[in-house]
Colleague: 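Below you'll find the structure I mean.
Given the structure is predicted, the values throughout are model-derived calculations rather than measurements. All ligand and atom numbering here is 1-based and tracks the order in the structure.
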Amino acid sequence: MATIVLRNPRREVHVDGPKRVKVVLRDLDIDPETVLVIRGENLLTREDLIGADDEIEVRPVISGGAEQFTKCRRCGGRAVIELRRHNSAFCKECFLHFFSGQVKRAVEHDHMLDPTDRVLVAVSGGKDSLALWDVLMELGYDTTGYHIVLWTGEEYANESLRYSQSFADERGVKLIVHDLKEKSGFAIPELPATTGRTTCGACGLTKRHLISKAADELGFDAVAIGHNLDDEAAVLFGNVLRWDTEYMARQSPVLPATEEGFVKKVKPLYRLSERETATYAFLKGIDYQVEECPLVAGNTQLRYKGILDRLERESPGAKAAFYHGFLERGKPDMVEVERPELKPCVSCGMPTPADTCSYCRMVDSHARKRR
Ligand code: AMP
Ligand code: ZN
């Protein structure tokens, strides 16, 4: 048996000889470029044979080079996740620290929340919104969950509610549930035929309306939404492709409260990628709905996400640079068009530039055409 002495940290392994250096290194998962292989006074190359009685030293030449594991950038322990865009890797504890640090930084930098704010967290049962709720609680915010049962699929809806409810029950926090069929008398899949809107368009309008209305009626100071870096970058990408400067000027991780009754809306996860929110949820033992909404297939935003993912694979960090660059350098130069004056919707009382808000118009159209 040949003895292979690995250095830093020092340990010995024994291998049957004769064997080529490259085979031994491959079996030990060591990149030949990062080490010197030494026998007595001599250096060995990849093709050299290690004999049965040899004693060989494998000496790292790049710090960390001969390690059997990736090191945590913060503590030097064994990493569990690599973040290429940050050129780093973290162990569990340090990743959780990094994650909540990014949320804290977003909240402070963009003046999203005051420490005493009562926050309504919009939860879908997926990784982003449950990770958001969890981290906001960790940071000490007074939170309540809000879940809409949208009925975009029987099983999907039941599961979404179950994940959201279990999360709340396990932590002893309150979840407000709005069942669309029960409380509003319709389900999302009925809307395209009667309103001329796409499924995702109708669903988005419904969510935005009901969340804002609940926050206003129940006196919350802020609504927190689980949109992450990937979501925001995909929306921006779509806006750029159309040069929709009006939307771009308004796209922001924080929408302040308005005098007319819109509660402040914040997206504290905008500095974190989808993979990072999934990692957080996994490491924190959060049970979440992994399945996508069954009606989302073909959604334009998902297509944009796919394109940005391909770009990110080739150039790690491109997505963050695209979105953060927009916030820091693009957006400040964009002039927001004067928005029309808002007044209460005659039907629901929420602020709108028309007599009736677009949600109420959609619901009216549905009620008329369904008969
Ligand atoms: P999505 O539009 O599905 O990407 O979701 C974006 C964000 O909207 C989520 O992170 C949640 O904060 C919120 N949201 C989505 N679905 C629901 C739901 N059924 N009930 C309450 N909030 C939701
Ligand atoms: Zn209305």
Side-chain angles (χ1 to χ4, degrees), residues 119-136 143-153 156-165 167-168 175-181 183-184 187-188 198-217 222-235 253 260-262 265-270 272 274 277-278 281 288-289 291-296 299-302 304-305 342-365 367:
V119 186
L120 188 65
V121 187
V123 293
S124 63
K127 61 187 185 326
D128 302 310
S129 47
L130 290 182
L132 172 64
W133 196 0
D134 187 271
V135 72
L136 288 180
T143 58
T144 301
Y146 184 76
H147 177 73
I148 309 166
V149 188
L150 297 157
W151 298 109
T152 53
Y156 182 76
N158 289 327
E159 291 280 285
S160 314
L161 174 60
R162 194 172 61 73
Y163 282 108
S164 306
Q165 193 67 64
F167 178 94
L175 177 77
I176 299 170
V177 177
H178 183 106
D179 184 324
L180 212 52
K181 277 196 216 164
K183 301 230 173 77
S184 310
I188 294 295
T198 62
T199 311
C200 292
C203 186
L205 177 58
T206 303
K207 283 189 281 195
R208 283 193 301 278
H209 175 84
L210 292 177
I211 293 166
S212 296
K213 189 143 174 48
D216 178 47
E217 282 177 356
V223 167
I225 313 277
H227 284 128
N228 55 43
L229 174 61
D230 298 60
D231 296 321
E232 293 299 295
V235 170
E260 300 90 350
F262 275 127
K265 240 188 193 172
V266 300
K267 301 170 186 168
L269 300 184
Y270 83 90
L272 291 150
E274 206 142 59
T277 62
Y288 64 86
Q289 186 171 36
E291 289 70 34
E292 285 278 346
C293 167
L295 302 183
V296 87
N299 173 301
T300 323
Q301 207 192 310
L302 278 192
Y304 293 158
K305 271 190 178 174
L342 301 179
K343 50 187 192 267
C345 165
V346 292
S347 173
C348 74
M350 288 300 281
T352 171
D355 289 334
T356 310
C357 76
S358 27
Y359 174 78
C360 290
R361 273 181 281 147
M362 174 176 79
V363 173
D364 280 352
S365 163

Colleague: Which protein non-hydrogen atom lies closest to atom 12 (O) of ligand 1, naming both residue and atom, and how far is it?
Modeller: Ala122 O, 2.6 Å
Colleague: Flag the pair Asp231 and Lys267 as a salt bridge only when some basic side-chain nitrogen lies within less than 4.0 angstrom of an acidic carboxylate oxygen.
Modeller: no
Colleague: Say you draw a straight line from CG of Leu180 to NZ of Lys207; how long is it, rounded to the nearest 0.5 Å?
Modeller: 11.5 Å
Colleague: To the nearest 0.1 Å, how far is atom 5 (O) of ligand 1 from its closest protein heavy atom, and which atom is that?
Modeller: Lys207 NZ, 4.2 Å
Colleague: What protein heavy atom sits nearest atom 20 (N) of ligand 1, and how far off is it?
Modeller: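 For this ligand atom, the closest protein heavy atom is Ile148 N, 2.9 Å.
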Colleague: Identify the closest protein heavy atom to atom 9 (C) of ligand 1: which residue and atom is it, and at what distance?
Modeller: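 Scanning the protein heavy atoms, the shortest distance from atom 9 (C) of ligand 1 goes to Gly226 N, 3.9 Å.
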Colleague: To check your reading of the model: name the closest protein heavy atom to atom 6 (C) of ligand 1, its residue, and the distance in Å.
Modeller: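 Result: His227 NE2, 3.3 Å.
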Colleague: In the protein, what heavy atom is nearest to atom 8 (O) of ligand 1, and what distance, to one decimal place, separates them?
Modeller: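 The closest one turns out to be Ile225 CG2, 3.7 Å.
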Colleague: Closer than 2.8 Å to the Zn ion (ligand 2): how many protein N, O or S atoms are there?
Modeller: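 My tally for this metal is 4.
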Colleague: Considering only heavy atoms from C-beta outward, does the side chain of Pro294 approach that of Thr152 to under 4.5 Å?
Modeller: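 Of all side-chain heavy-atom pairs linking Thr152 with Pro294, at least one is under 4.5 Å.
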Colleague: Going by heavy atoms, is Asp231 under 4.0 Å from ligand 1?
Modeller: no
Colleague: Which of the numbered atoms in ligand 1 are under 4.0 angstrom from any heavy atom belonging to Tyr146?
Modeller: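 Those of ligand 1 that fall under 4.0 Å from Tyr146 are 21 (C).
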Colleague: Could you identify the single nearest non-hydrogen protein atom to atom 15 (C) of ligand 1 and state the distance to 0.1 Å?
Modeller: Ser124 CB, 3.5 Å
Colleague: For His178, give me all partners under ring pair (Phe, Tyr, Trp, His ring centres under 6.0 Å), at least two apart in sequence or on another chain.
Modeller: none
Colleague: NZ/Lys127 to CG/Asp134 distance, rounded to the nearest 0.5 angstrom?
Modeller: 15.0 Å
